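Here the structure comes first, spelled out in structure tokens, and everything after it is commentary.
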Amino acid sequence: MKKIAIGILIILLGLITWYLFLKKYDYVITFKANLAPLGAYHKIKSIKTEGSKYLEMSNPDTNGAALRQEFAIHDQNVLLDWHFKSVTDTVTEIKVGILSSQHSLHNRLKILTGSSPLVTSVKEELIQIRKKLKYYTDTFRIIIDGEATTPAQDALIVSSITKRYDKAQEMMKSNGYLHPELLENNVDKTGHPFVKIKSWDITTDGIEMNFGFPIIYRDSLPIDSNIKYVKMNSEKTLKATYFGNYRNSDEAWFVLLQYAASNNILVKKEPLEVFYNDPMLDGNELQWKAEIFLPIENR
């Protein structure tokens, strides 16, 4: 019995030592969001918490992403380490490690008695963030369709360089210039407006994009310093269908990237979006449809 008691004591001392001095975080909170990991990563970065700042813990990619948030609460500097892991292509597990950078030992003792004001306050903050994520993800729906081939077509486009999250604003600006020129010059359109991403830097979130319309080619087209003619080749792609406000249609990019990674498919980060609704005429955003195509690398 004495040996058993000593063994139990050693185990307890080991657990206490681990909990108070070796455990990485004071407390960990886990929840899920209906987003691909990269989508969840960028959305969390966009949610502002007063007095906080974000630091990259790793370059975001489809293998996972991590983010560190620093802010002050109850006169303590608090670190929140956000980790994003794919559950499915459209669902992410978000794990938040909480660490008091000044009073971690004191805080861990408080947690044991269920009386840590810091953890209580962080929980309340995370509840609000979860509500914002839920409200956001309820505004759109993404369906993965699998492989598809885009048609070859002639098009007139306007090019621009911007950030991914400013894509919709750039679309409206480009459409305001291009569409009147097509009408004035009686250019025959053969399909719906589109955005073609020529390059996308996931680390900086910078994009080079073309906004345009497929058209019937003729010798006299309204080409100038802003409007260019391009011939778009047919491509083998991964396809998703998006329903919702077009300002968030790039969430489908993240879903297709995750789908490609999950299925060991090499893709080019050059998505094509085709828009089927006129936002000026249709007020029900959940009925707005876009098809999103991500080119597959030649094997």
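The figures here come from the full heavy-atom set of this structure, side chains too, leaving out hydrogens, waters and symmetry mates. Every value quoted in this text rests on a predicted model; they were computed, and no experiment measured them.
- Applying the salt bridge (Lys or Arg N to Asp or Glu O under 4.0 Å) test to residues at least two apart or on different chains, the pairs with a partner in residues 255-274 are K167-E273, E235-K268.
- Counting all heavy atoms, side chain and backbone alike, E170 lies closest to S160 at CG-OG, 2.9 Å.
- When all heavy atoms of A36 and Q258 are compared, the closest pair comes out as CB-CB, 4.4 Å.
- V195 is not listed as a side-chain neighbour of N210, based on a closest heavy-atom distance of 4.5 Å or more.
- Residue-environment remark: NZ (K163) exceeds the threshold of 12 foreign heavy atoms within 6.0 Å.
- Between E285 and T139, the closest side-chain pair of non-hydrogen atoms is not below 4.5 Å.
- For the pair S234 (side chain) and T150 (backbone), a donor-acceptor distance under 3.5 Å is present.
- To the nearest 0.5 Å, the span separating CD on E125 from CD1 on I47 amounts to 9.5 Å.
- Between F31 and W82, the ring-plane angle classifies as perpendicular under the 30° and 60° cut-offs.
- Using a 4.5 Å cut-off between side-chain heavy atoms of Ile, Leu, Val, Met, Phe, Trp and Tyr, with links allowed through other members, Y136 and Y165 fall into different hydrophobic clusters.
- Within the cation-pi definition used here (under 6.0 Å to the ring centroid, within 45° of the axis), K289 does not qualify as a partner of F275.
- Considering M171, M209, K173 as possible partners of T162, the one that fulfils the side-chain contact (heavy atoms from CB on, under 4.5 Å) test is M209.
- The backbone N or O of Q169 lies less than 3.5 Å from no partner atom in the side chain of D166, so there is not a single donor-acceptor pair.
- The line from CD of Q153 to CG of N233 is 10.5 Å long, rounded to the nearest 0.5 Å.
- The main-chain N or O of L35 is found under 3.5 Å from a side-chain atom of T92 such that the two form a donor-acceptor pair.
- I157 has its side chain out of reach of F211: every pair of non-hydrogen atoms, C-beta onward, lies at least 4.5 Å apart.
- Here the straight-line distance linking atom NE2 of H192 with atom CD of E291 works out to 8.5 Å at 0.5 Å rounding.
- Cluster membership check: I94 shares its hydrophobic cluster with I29, using side-chain heavy-atom separations under 4.5 Å among Ile, Leu, Val, Met, Phe, Trp and Tyr.
- Here the side chain of T237 pairs a donor or acceptor atom with the backbone of A148 at under 3.5 angstrom.
- Between H179 and F213, the two ring planes are tilted [angle within 30° to 60°].
- The side-chain contact (heavy atoms from CB on, under 4.5 Å) with L294 is formed by just one residue from the set I197, L257, L272, I265; it is L257.
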List the steps, then state whether side chain to side chain contact (heavy atoms under 4.5 Å, CB included) holds for I292 with T241.
CA-CA 6 Å; I292 317 298; T241 303; over 6 Å; no

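- Here Y229 and Y217 bring their ring centres to under 6.0 angstrom of each other.
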F254 and L256: CA distance, side-chain angles, deciding distance, side chain to side chain contact (heavy atoms under 4.5 Å, CB included) verdict:
CA-CA 5 Å; F254 299 130; L256 287 175; over 6 Å; no

Checking V230 against M232 for the side chain to side chain contact (heavy atoms under 4.5 Å, CB included) test, could you report, in this order, the C-alpha distance in whole Å, the side-chain angles of both residues, the deciding distance, and whether it holds?
CA-CA 6 Å; V230 294; M232 301 173 65; 4.1 Å; yes

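- Remark: of the listed residues D188, V187, L221, V187 is the sole one forming a side-chain contact (heavy atoms from CB on, under 4.5 Å) with L182.
- With F293 as the aromatic partner, K239 does not meet the cation-pi criteria of under 6.0 angstrom to the ring centre and within 45 degrees of the ring axis.
- Contact annotation: the side chain of I98 approaches that of L80 to within less than 4.5 Å [non-hydrogen atoms, C-beta and beyond].
- Contact detail for E181 and N185: the closest heavy-atom pair is O-ND2, 2.8 Å.
- Residues V28 and K95 have side chains in contact (heavy-atom distance under 4.5 Å, counting atoms from C-beta outward).
- D278 places a side-chain N or O within donor-acceptor distance of the main-chain N or O of M280, the cut-off being under 3.5 Å.
- Residue L156 comes nearest to L178 through the heavy atom pair O-CD2, 3.6 Å, listed as atom of the first residue, atom of the second, then distance.
- Salt-bridge annotation for R164 and D250: present, with a side-chain N of the basic residue lying under 4.0 Å from a carboxylate O of the acidic one.
- Of the inter-residue distances, the one linking Q287 atom CD with R141 atom CZ reads 8.5 Å to the nearest 0.5 angstrom.
- Side chain of D201 to main chain of T204: a donor-acceptor pair is present (N/O by atom type, distance under 3.5 Å, no hydrogens or angles).
- Atom OG1 of T90 and atom CG of N34 lie 6.5 Å apart (nearest 0.5 Å).
- The cluster map of Ile, Leu, Val, Met, Phe, Trp and Tyr, joined by side-chain heavy atoms under 4.5 Å apart, puts V91 and I129 in different clusters.
- Side-chain contact between V78 and E70: absent, with no pair of heavy atoms (C-beta onward) separated by less than 4.5 Å.
- The minimum heavy-atom distance linking Y177 with V158 is given by the pair CD2-CG2, 4.4 Å.
- Following chains of ILVMFWY side-chain contacts shorter than 4.5 Å, one can reach L67 starting from Y27, so the two form part of one hydrophobic cluster.
- Separation of the W288 and Y246 ring centroids falls under the 6.0 Å cut-off.
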Just do the side chain to side chain contact (heavy atoms under 4.5 Å, CB included) check on L126 and V96 with the steps written out, would you?
CA-CA 9 Å; L126 291 179; V96 186; 4.2 Å; yes

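- No continuous path of hydrophobic side-chain contacts links Y276 to F243 [ILVMFWY only; heavy atoms under 4.5 Å].
- Annotation for V267 and A260: closest pair CG1-CB, 3.8 Å, computed over non-hydrogen atoms.
- Going from atom OG of S121 over to atom NZ of K123 covers 11.0 Å, rounded to the nearest 0.5 Å.
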